[in-house]
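Presented below is the structure to which this report refers.
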Amino acid sequence: MSDRSTGAATWPRLKRPALVVAAVGLLFAAGVVALPGTAGAATTLGASAAARDGRFFGTAVAAGKLSDSAYTTILDREFNAVTPENEMKIDATEPQQNQFSYANADRIVAHARGLGMQVRGHTLAWHSQQPGWMQNMSGSALRQAMLNHVTQVATHFRGQVAWWDVVNEAFADGSSGARRDSNLQRTGNDWIEAAFTAARAADPNAKLCYNDYNTDNWTAAKTQAVYRMVQDFKNRGVPIDCVGLQSHFTGGSSYPSNYRTTLSSFAALGVDVHITELDITNAPATAYTSVTNDCLAVARCRGITVWGIRDSDSWRSGESPLLFTSSGGKKAAYTSVLTALNNGAPPTGPTTPPTTPPTVPPTTPPGGGSCTASITPGTVWADRYNTTVTVTGSTTWTVTIDITAPQKVSTTWNGTFTWSNNGNTMTIKPNGSGNTFGFTTMTNGNTTARPRITACTTS
Ligand code: G2I
């Protein structure tokens, strides 16, 4: 484990780049690039994942690096989700009992949400990274302190964190299939469900995940034990929505050939599955491709998070396990993942995002002309979010946009909207209000999917 510091508590405020760069970053970070009238492969991890049924492609982020422009350039360009690497852990958020400290986590959340990225909260209850006061507690006092921590932190981030790792790493390694011994486990075997119940009460709209490592191989005792716990929770109505597989692989050979079976087996229990901390020693392109394809093959595998951006950002930087070199270059594994995300199509167009949105290959209906439609994400609430679309190139445009069920558009403005019979495809024409229209989408429980422009035609 590397011994890196997150730095002092006085990190410089993030300096906003020039407006145009920020605006372009916004479009790409949210996974909603301007799409041409004909389909084209997206050119960033987040946009490409979003195009695959609204999946996310995230990264662990360290607050201390938000002042490193080389770091934020990649973060803002490539990813549409973030996980604070250490800043939401118990020792960071409650260093003294009942004294909460959110500045570093808030900084990451603000950065991410300002760019339309979603946040995975990590983690509310864990045997590790406990502050000294908690390490020294036991029994009902510890149980109460743990539940208070879950409640306070989940309440602070209510509406901002899409998914919580409520409990992290609660099972033992090896063949026992037992719970890991810890002070929390010794408060009673029901500590995990108590934590989930408290988290649900504090933030009813957040998706609640159980997260662990060495749960990738379907036949491993630890995987089976976590599976049985999730099955039990579902059977008894304990609130759980997702399972995180950390997936810290120590080389291509440690990626198990039955990984897809693991993903689909958990999904079959009625929970979403996330790959939450992916890194692979020496970043073999083939293993990264397999992990990506396995996630894409399972509808409830909603996204992948890599545990850091550049190799130098990794907790095991000596193993070069990530998608970007220490100097920020794209590694072979990056291209392989992007290719897999793009339906197997190699990335097309520029390898770095253009500074202006891509233009539409002209569609030539009668009368000629062409148009481009581009999405700008708007305000996000717990249950809904706004989207604005701007059309350029024509004043007589028709834009079609797909919405992922069960999401549903509830409010529209500045356009004439019609819907397909299933309500999933909108067709929008100008209504005299100009070339920018907007709408509000109710998430109906799916907080990850985002609207996709499928065409812009002129008439
Ligand atoms: O250990 C890898 C990951 C396993 N799953 C849970 C994750 O939360 C965990 O992340 C790592 C971070 O990547 C490390 O950055 O968790 C470690 C322990 O919390 C983090 O390491 C700690 C060091 O132990 C501290 O010495 C250091 O002050 O990071 C701290 C901040 O850099």
Side-chain angles (χ1 to χ4, degrees), residues 1-11 58-68 71 75 79 81-95 101-105 107-108 119-132 134-135 149-150 153 161 163-173 180 182-184 192 195 209-216 220 222-223 226 242-251 254 273-281 283 291 304-324 326:
M1 187 172 295
S2 65
D3 183 20
R4 290 172 290 112
S5 163
T6 52
T10 51
W11 288 297
T59 179
V61 165
K65 292 181 179 156
L66 292 177
S67 54
D68 172 354
Y71 181 83
L75 168 64
F79 298 96
V82 306
T83 306
E85 186 172 0
N86 290 301
E87 293 77 355
M88 288 184 176
K89 291 174 179 174
I90 315 173
D91 59 351
T93 50
E94 196 178 357
S101 167
Y102 296 119
N104 296 333
R107 190 169 292 125
I108 295 175
V119 179
R120 292 194 86 263
H122 173 84
T123 174
L124 294 171
W126 192 18
H127 69 278
S128 183
Q129 300 299 116
Q130 292 182 0
M134 186 179 268
Q135 292 175 29
H149 180 85
V150 170
V153 177
V161 166
W163 312 275
W164 270 111
D165 288 336
V166 178
V167 171
N168 194 41
E169 301 176 359
F171 280 80
D173 291 312
R180 174 194 297 276
S182 72
N183 59 349
L184 290 168
I192 299 180
C209 306
Y210 175 78
N211 191 53
D212 214 328
Y213 66 91
N214 281 351
T215 47
D216 315 295
K222 189 170 174 181
T223 310
V226 173
C242 37
V243 170
L245 305 185
Q246 293 183 9
S247 305
H248 293 291
F249 293 123
T250 52
S254 85
V273 185
H274 295 174
I275 297 165
T276 53
E277 303 181 13
L278 181 62
D279 51 18
I280 314 178
T281 306
V291 170
I304 298 173
T305 295
V306 285
W307 206 240
I309 298 177
R310 304 161 302 189
D311 285 333
S312 52
D313 302 317
S314 172
W315 67 298
R316 43 191 187 130
S317 54
E319 298 174 35
S320 305
L322 295 174
L323 299 179
F324 293 87
S326 297

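Residue numbers run from 1 in the order of the sequence given. Hydrogens, waters and symmetry mates are skipped; everything else that's a heavy atom, side chains included, is used. Remember, it's 1-based here, ligands and their atoms both numbered in the order they're listed.
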Worksheet item: Among all residues two or more places apart in sequence or in another chain, which pass the ring-ring contact (aromatic ring centres under 6.0 Å, His included) test with H149?
Response: none
Practice prompt. Would you mind reporting whether P321 and D311 have side-chain heavy atoms less than 4.5 Å apart?
Written response: yes
Worksheet item: Hey, does V61 have a side-chain heavy atom less than 4.5 Å from the side chain of F79?
Response: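 No; the side chains remain at least 4.5 Å from each other.
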With atoms numbered from 1 as shown, which atoms in ligand 1 lie under 4.0 angstrom from a non-hydrogen atom of [X]?
| X | result |
| --- | --- |
| N168 | 6 (C) |
| Q246 | 4 (C), 5 (N), 6 (C) |
| E169 | 4 (C), 5 (N), 6 (C) |

Fill in: Heteroatom proximity flag, H122 to ligand 1, N/O under 3.5 Å
yes
Discussion item. So for ligand 1, is W307 a polar contact partner (N or O within less than 3.5 Å, distance only)?
Written reply: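 The answer is yes, given that W307 and ligand 1 share an N or O pair closer than 3.5 Å.
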Worksheet entry | Heavy-atom proximity to atom 11 (C) of ligand 1, best of E277, K89, Q129 |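 Heavy atom nearest to atom 11 (C) of ligand 1 belongs to K89.
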Item to complete: Report the residues that fulfil side chain to side chain donor-acceptor pair (under 3.5 Å) with D68, sequence neighbours left out, ordered by chain and then residue number.
Response: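 Checked D68 against side chain to side chain donor-acceptor pair (under 3.5 Å); matches are R310.
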Item to complete: For a side chain to side chain donor-acceptor pair (under 3.5 Å) with Q246, tell me which candidate from D165, D279, N168 qualifies.
Response: N168
